[in-house]
Structure formats: structure tokens, C-alpha cells
Amino acid sequence: MFDSTLDYYDQNAADFIARTIDTDLSALYAPFLALLKPGASILDLGCGSGRDSKYFIEHGYTVEAVDGSCELCKIASKYIGQPVRQLLFQDLDYIGAFDAVWANASLLHVPSHALPDILRKISDALKPNGILFASFKHGNFSGERDGRMFTDLTEQDLIQIAEDASGFEIVYTLVTQDARPGRSDEKWLNAILRRRHYP
């Protein structure tokens, strides 16, 4: 993740949380959780406010929450009632630890050329046949926007990146409108990928 992106979240943590913490993502939670057993282990990768971690914890899942922003880690830790680890994507060091990884609106800050390597690290963190949820702004833009690095993707882009990462197969993709008030003109690419199991 670019330093400018981390600086943005450290400097605007309170405002970012105020704008996102009440967003209703139940339509995205449902297909993700439908693939998991009760009590499954989830890595919330780029947890932001801790909103999604809190939902998963309250529904009986075991959650490890991480974020690259020091300020977001502090706030999210208080919100979910457990430590949040400060960790950059490129420093992921879990091996076969999770049934699922939830990366909602977080991997979109990774430059497209670096995504295959990050996906390989996520694959390493998953158990065999583990699943990954990831979401990106829908489109072809790549660069800095509003003080942060963004990589927008189309379905075909994501399929190619998943193939380059060699370890994931795409279960499904869904393009949705932004769930935040006043942002319905923005589109999101949501995807569930499964780690391939090699005997």
C-alpha cells in the first residue's frame, strides 16, 4: 500500500469511520457466510472501522482483524472489543490459518501489478478450499484519487489477476451500487474466490 494511502487513513480515521460504519452490507455478507460453517475462522483484511468484524463476531465467527493504519487499528480495537493487528498486505505471514478472508474495499488500494503476489499471500493464509471475498470499485482506473491509491477492476481484469496468482478460482462476481447515501452512481465489483486444493 502506498504511504500516501496510509497517511490518509491515519489523518482522516474519524471522518472515514463516520462515513462508513453504518453502511448495510447484509447483501454481501449473506453469500459469503453461506459458504462457511458455524464458528469458522475469518481474517478481516483491512478492517477499517471494524464494522464487518463486529458483525461476524456477533454471529459466532472467530475473527482476526488487521489493518495497515495505526489509527484505524486503535479505533477498531475498541469497537470490536479485541486487539486489531497493524499489518500491511505485503507483510501477511499467516499460513493455513483461516477458513475465509474478508477483504472489503481494501485490496483496491493495491497497484494492479502487485495484486497477484498479494493474492498468493492470501492463498497461503487460507486453509485448503478456503474462500476470499474481495471488492473493488468497478472500472479501469489506476492511480491516486482523493489522496489514496486506487485500482479499479472489471470482471475480466479480476479473472486475469486470479489466473496470474495461480491458486484461486472465481466462485462468483456481482456488480452492485454503492450502499452509502448519495453514492448510488458508483459501482462496485464484488467477488468470492476459492483457494484451489492441490492434493
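The analysis underlying the following values was restricted to heavy atoms, covering all of them including side chains, and did not include hydrogens, waters or symmetry mates.
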For the side chain of [X] and the backbone of [Y], is there at least one donor-acceptor N/O pair under 3.5 Å apart?
X: D91; Y: L87; value: no
X: S123; Y: L119; value: no
X: D164; Y: P116; value: no
X: T151; Y: V110; value: yes
X: Q82; Y: V63; value: yes
X: S77; Y: K74; value: no

Between [X] and [Y], is any side-chain donor less than 3.5 angstrom from a side-chain acceptor?
X: H109; Y: Y9; answer: yes
X: D67; Y: S69; answer: no
X: D52; Y: Y29; answer: yes
X: E186; Y: H138; answer: no
X: T154; Y: D157; answer: yes

Measure the [atom1]-[atom2] distance between [X] and [Y] for me, rounded to the nearest 0.5 Å.
X: S4; Y: Q11; atom1: OG; atom2: CD; value: 10.0 Å
X: K54; Y: I80; atom1: NZ; atom2: CD1; value: 8.5 Å
X: S135; Y: L25; atom1: OG; atom2: CG; value: 8.0 Å
X: C70; Y: L6; atom1: SG; atom2: CG; value: 10.5 Å
X: F168; Y: R195; atom1: CZ; atom2: CZ; value: 8.0 Å
X: F136; Y: L158; atom1: CZ; atom2: CG; value: 6.0 Å

Salt-bridge criterion met for [X] and [Y] (N-O under 4.0 Å):
X: R145; Y: D152; answer: yes
X: E144; Y: R148; answer: no
X: D124; Y: R120; answer: no
X: D93; Y: R85; answer: yes

Apply side chain to side chain contact (heavy atoms under 4.5 Å, CB included) to residues V66 and D44 and explain how you reach the verdict.
CA-CA 6 Å; V66 304; D44 189 353; over 6 Å; no
Side chains of [X] and [Y] in contact at under 4.5 Å (non-hydrogen atoms):
X: I131; Y: D99; answer: no
X: S142; Y: F150; answer: no
X: V175; Y: N190; answer: no
X: L189; Y: T176; answer: no

Please name the pair of heavy atoms, one in [X] and one in [Y], separated by the smallest distance, quoted to 0.1 Å.
X: S53; Y: C47; result: OG-CB, 4.1 Å
X: I75; Y: A13; result: CD1-CB, 4.0 Å
X: K37; Y: Y61; result: O-CE2, 3.5 Å
X: G147; Y: Y8; result: O-CB, 3.8 Å

Using side chain to side chain contact (heavy atoms under 4.5 Å, CB included), reason through L33 and I42 one step at a time and then give a plain yes or no.
CA-CA 10 Å; L33 296 178; I42 300 172; 4.2 Å; yes
Stepwise side chain to side chain contact (heavy atoms under 4.5 Å, CB included) check, I122 with L193:
CA-CA 11 Å; I122 293 173; L193 299 85; over 6 Å; no
When the ring centroid of W102 is compared with that of F56, is the distance short of 6.0 Å?
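Under 6.0 Å, so yes.
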Measure up the H59 and Y55 rings against each other and bin them: parallel (under 30°), tilted (30 to 60°), perpendicular (over 60°).
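Ring orientation, 0 to 90° scale: parallel.
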Flag this pair as yes if the NZ/CZ of K127 is under 6.0 angstrom from the six-membered ring centre of F98 and inside a 45 degree cone about the axis; otherwise no.
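No, cation not above the ring by the 6.0 Å, 45° rule.
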Quick check on the hydrophobic clustering: are L43 and I95 connected, directly or via other members, by side-chain heavy-atom contacts under 4.5 Å?
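Unlinked, L43 and I95 end up in two clusters.
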Step by step, work out the side chain to side chain contact (heavy atoms under 4.5 Å, CB included) result for L132 and I192.
CA-CA 6 Å; L132 163 67; I192 291 180; over 6 Å; no
